[in-house]
Amino acid sequence: MVCGRCGRAFDETKQDYCGYCRTVHTKKGEPIRDLKGILRYITDKFGAETLLSPRRADALIADFFPKESQARRLCYVALYDGCAKKLYAVREKPFEVRCAAAAGCIKSLRDEIGIKGRIAADAVEAVGCAVGCEISFKKSEILPASETESKKNITDAAEQYSLGRHFDRIHEYEKALYWFESAALQDHGEAEYYMGSYRLEGRGGIQDINQAREWFVRGAENGVAQAEYMMGYFYAEGIACELDEDKAFRCFISAAKKGCADAANIIALCYENGVHAEKDPELAKKWRNYSKDDKAFELPPETEVPEPLADDGEELYQSARRCLAEKDAEGAAMFYKRAAEVGHARAQCSYGKCLYTGNGVAKDPAEAFRWFKKASDQNLNIAQYNLGVMYLKGVYVPKDLEQAKTYFTQAAENGHEDAEKILKKLQ
């Protein structure tokens, strides 16, 4: 499968996400970028009942969508907590009852976490869809900027962006900056691009190159082609970041594939002049006439592609710890197991303990012994101590004092204090 975000190929039979940019995809190969997609993905993956356990929401989102910021994750958790149970309870009720419940959810989002307008409505629709409660709000048409400018408390991001464009066209940059920033703070991609441009040029306020780059990054993450083009420009010139021609070239290609003519022209120049790529007049000519509907282009073979980072299980392990902090034993065991399967030593030991005590999973001393052994082979002292206890007590394995001493000795040499105390008693 080809990643819909960075354009690289990955094996969808082994994982749902791109190994390079870690963007999660649907089974149809579409990148998941919005709240509704995230909720639907988690529902399909774990079942609708998962949504009724908000304590596990942050761990799940952090696991499958590591690119999401902590603030956005907390927002999603608030959506679960504030909406999922209420909408789940009325999903079989008449339409009027469901609408009333949805309206109550929007009010709680506005009062408790500050989400307003169309963003709140979209969020409630997404949660309702995920828990099987179809909710749909009538979308009002966006009024012309001249009609909405005098209205109070404009909270819809699309309207705010429209106002920003209106004032930008008539060169009232301070007002334009105000409305662009209002929309950008609601994660409106095009508004984020304009915020980057305004900060880069100093229009309507203070010039700040670093802030400009941050806004362009956010716009690029939301799929705005012109923002990706500007990211390429920043990498190419080393502005507010390390100069990186490789990243610049990739940003230009990604932007061009989304229809950015400036990016396509830059790529053509690269091939014409042999900058970052070998000279190729024919390919340069094709890029000059490139259309975003043309699917024939892929990254040039001469461009080196870094290998994806190996999954060491640390993110899964931390997800398990978050579940454990929320007293979600089943969720913790699930994440410990997945981290253990990719070789994380502490997760192997922790999952073994879950199996040993029956905490979050069915009690299974034989499996516990197997996972303790795997962690012990990686020289983890607590796993060696646990194996010593199992041999000492004869749990799953026959009692064997010598084997117990062997494991306690290994654990003690690796700094386990309790193992050292037991050894002294066994002498």
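Side chains are part of it too, since the values below use all heavy atoms of this structure and drop only hydrogens, waters and symmetry mates.
- Looking only at side-chain heavy atoms (C-beta outward), Trp371 and Ser350 stay at 4.5 Å or farther from each other.
- Judged by distance alone, the side chains of Tyr194 and Arg165 do bring a donor and an acceptor atom under 3.5 Å apart.
- Between the CD atom in Glu367 and the SG atom in Cys354 there is a gap of 12.5 Å [rounded to 0.5 Å].
- Taking 4.5 Å as the limit, every side-chain heavy atom of Val389 sits out of range of all side-chain heavy atoms of Val395.
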Check against side-chain contact (heavy atoms from CB on, under 4.5 Å), Thr409 and Gln384: CA-CA 9 Å; Thr409 300; Gln384 293 163 341; over 6 Å; no

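- Here Leu387 contributes atom CG and Cys349 contributes atom SG; the two are 8.5 Å apart, rounded to the nearest 0.5 Å.
- Taking the six-membered ring for Trp and the full ring otherwise, Phe180 and Tyr198 have centroids separated by under 6.0 Å.
- The aromatic ring centres of Phe252 and Tyr229 sit less than 6.0 Å apart.
- For the pair Arg346 and Tyr336, the NZ or CZ position fails the cation-pi test of under 6.0 Å to the six-membered ring centre and within 45 degrees of the ring normal.
- A donor and an acceptor atom, one from each side chain of Gln410 and Asn381, are nowhere located under 3.5 Å apart.
- Counting heavy atoms from C-beta outward, Cys105 and Leu87 have side chains that approach closer than 4.5 Å.
- Residues Met231 and Arg213 form a side-chain contact, since some pair of their non-hydrogen atoms from C-beta on lies under 4.5 Å apart.
- With 3.5 Å as the limit, one finds a donor-acceptor pair spanning the side chains of Ser254 and Lys258.
- Side-chain contact check for Glu192 versus His188: every heavy-atom pair is 4.5 Å or farther apart.
- In this structure, Ala419 and Ala411 approach most closely via the heavy-atom pair CB-CB, 3.7 Å.
- Looking at Ser376, its side chain never comes within 3.5 Å of a backbone N or O of Phe372 through a donor-acceptor pair.
- Using modelled atom types, one finds a donor on one side chain and an acceptor on the other under 3.5 Å when comparing Gln348 with Gln378.
- Ring planes of His416 and Tyr385: parallel class, angle under 30° (limits at 30 and 60°).
- Ring geometry for Phe369 versus Tyr391: interplanar angle over 60°, hence perpendicular rather than tilted (30 to 60°).
- Between Tyr233 and Ile239 there is a side-chain heavy-atom pair separated by less than 4.5 Å.
- At least one donor-acceptor pair closer than 3.5 Å links the side chain of Gln207 to the backbone N or O of Leu200.
- Remark: the backbone N or O of Asp246 is paired with a side-chain donor or acceptor of Asp244 at under 3.5 angstrom.
- Lys405 NZ: more than 12 foreign heavy atoms inside a 6.0 Å radius.
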